[in-house]
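What follows is a short report on a single structure.
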Amino acid sequence: QVQLVESGGGLVQAGGSLRLSCAASGRTFSRYAMGWFRQAPGKEREFVATISMNGGARYYADSVKGRFTISRDNAKSIMYLQMASLKPEDTAVYYCAARPALTATSAPSYDIWGQGTQVTVSS
């Protein structure tokens with residue numbers, strides 16, 4: 001069973017960039033599709049991006065398309081979210097998630113979650 005730990009969050013000005021990392025431990029990271037979700041205060045958790053087991057398929061929420069890039073390095077068992085042109089509405093706790101199946105955009109579809117990392121974008 002894979003375990004996930006996010007890192008890389010912080011405070012950034014609007015228009016800036018951050019790179020989040022999700023480090024996995026346990027067996028067979030490459031057998032999992034991975035996803036990033038975020039949750040702002042008082043709101044439900046929402047889909048951000050997902051990536052297939054081998055990185056060949058990637059999907060993004062419309063709100064981040066063209067600004068965020070999801071990637072993974074199976075040799076290092078790490079998934080990344082490169083965030084550029086950040087906006088105040090991107091402020092949220094960002095969560096890494098895994099599922100031993102195809103990519104999905106629904107949070108309940110994911111079996112394993114990290115603890116989250118805070119991203120705050122100031123105006």
Side-chain angles (χ1 to χ4, degrees):
Q1 187 76 66
V2 67
Q3 294 176 299
L4 308 174
V5 179
E6 302 95 334
S7 63
L11 176 64
V12 64
Q13 288 186 310
S17 299
L18 282 174
R19 187 178 73 165
L20 306 183
S21 298
C22 173
S25 62
R27 58 188 299 175
T28 322
F29 174 70
S30 63
R31 299 284 180 87
Y32 294 82
M34 303 291 295
W36 287 100
F37 293 77
R38 66 188 183 186
Q39 188 166 22
K43 294 189 175 182
E44 294 295 313
R45 193 166 299 185
E46 67 174 349
F47 167 73
V48 176
T50 185
I51 187 167
S52 60
M53 296 175 183
N54 65 358
R58 299 182 291 183
Y59 305 95
Y60 299 91
D62 288 343
S63 60
V64 307
K65 196 173 300 179
R67 300 188 297 120
F68 290 11
T69 302
I70 189 171
S71 62
R72 67 190 295 165
D73 185 337
N74 285 347
K76 296 181 178 179
S77 297
I78 301 175
M79 179 181 65
Y80 302 98
L81 185 69
Q82 180 66 52
M83 305 184 293
S85 301
L86 284 162
K87 305 174 181 179
E89 51 262 47
D90 294 319
T91 295
V93 176
Y94 283 71
Y95 296 92
C96 172
R99 66 193 303 261
L102 298 176
T103 56
T105 59
S106 174
S109 298
Y110 288 79
D111 304 304
I112 304 165
W113 294 84
Q115 83 289 351
T117 186
Q118 176 71 47
V119 173
T120 302
V121 184
S122 64
S123 59

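For the side chain to side chain donor-acceptor pair (under 3.5 Å) test, residues two or more places apart in sequence or in another chain that qualify with Q118 are T120. Taking N74 as the reference, R72 meet the side chain to side chain donor-acceptor pair (under 3.5 Å) condition, with sequence neighbours excluded. Take Q3 and apply the side chain to side chain donor-acceptor pair (under 3.5 Å) test, not counting sequence neighbours, and it matches no residue.
Cluster membership check: V93 does not share its hydrophobic cluster with L81, using side-chain heavy-atom separations under 4.5 Å among Ile, Leu, Val, Met, Phe, Trp and Tyr. The hydrophobic clustering, which links ILVMFWY residues whose side-chain heavy atoms are closer than 4.5 Å, places W36 and F47 apart. In terms of hydrophobic clustering, with Ile, Leu, Val, Met, Phe, Trp and Tyr side chains grouped at heavy-atom distances under 4.5 Å, Y95 and I51 are assigned to different clusters.
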Before giving the answer on side-chain contact (heavy atoms from CB on, under 4.5 Å), spell out for I112 and L4 the whole-Å C-alpha distance, their side-chain angles and the decisive distance to 0.1 Å. CA-CA 8 Å; I112 304 165; L4 308 174; 4.1 Å; yes

Applying side-chain contact (heavy atoms from CB on, under 4.5 Å), run through V121 and M83 and close with a yes or a no. CA-CA 11 Å; V121 184; M83 305 184 293; over 6 Å; no

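Contact detail for R99 and A104: the closest heavy-atom pair is NH1-CB, 3.6 Å. Shortest non-hydrogen contact noted between F29 and A24 is CD1-CB, 3.3 Å. The shortest heavy-atom contact between T103 and Y59 is OG1-CE1, 3.5 Å. Between M34 and A98, the closest heavy-atom pair is SD-CB, 3.5 Å. In this structure, T117 and G9 approach most closely via the heavy-atom pair OG1-N, 3.2 Å. In terms of heavy atoms, A101 sits closest to A33 at O-CB, 3.1 Å.
In this structure, CE in M79 is found 8.0 Å from OG1 in T50, a value given to the nearest 0.5 Å.
Counting only residues at least two apart or in different chains, ring pair (Phe, Tyr, Trp, His ring centres under 6.0 Å) contacts with residues 102-123 comprise F37-Y110, F37-W113. Identified under the ring pair (Phe, Tyr, Trp, His ring centres under 6.0 Å) test for residues 60-88, with sequence neighbours left out: none.
No more than 12 heavy atoms of other residues, nucleotides or ligands lie within 6.0 Å of CG in L102, so this atom counts as exposed by the packing criterion. The number of heavy-atom neighbours closer than 6.0 Å to CD of Q115, taken from other residues, nucleotides and ligands shown, is above 12. No more than 12 heavy atoms of other residues, nucleotides or ligands shown are found within 6.0 angstrom of CD on E44.
The residues K65 and D62 are annotated as salt-bridged, a charged nitrogen and a carboxylate oxygen being separated by less than 4.0 angstrom.
No side-chain heavy atom of M53 sits under 4.5 Å from any side-chain heavy atom of S30. Taking the side chain as every heavy atom from C-beta outward, D90 and R67 approach each other to under 4.5 Å. At least one side-chain heavy atom of R58 sits under 4.5 Å from a side-chain heavy atom of T69.
Not one N or O on the side chain of Q39 forms a donor-acceptor pair closer than 3.5 Å with the backbone of A92. Remark: the backbone N or O of C96 is paired with a side-chain donor or acceptor of E6 at under 3.5 angstrom.
Between the side chains of S52 and N54, at least one donor N or O lies within less than 3.5 Å of an accepting N or O.
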Would you list the atom pairs, donor with acceptor, under 3.5 Å between side chains in residues 16-23 and any protein atom, with sequence neighbours excluded?
none

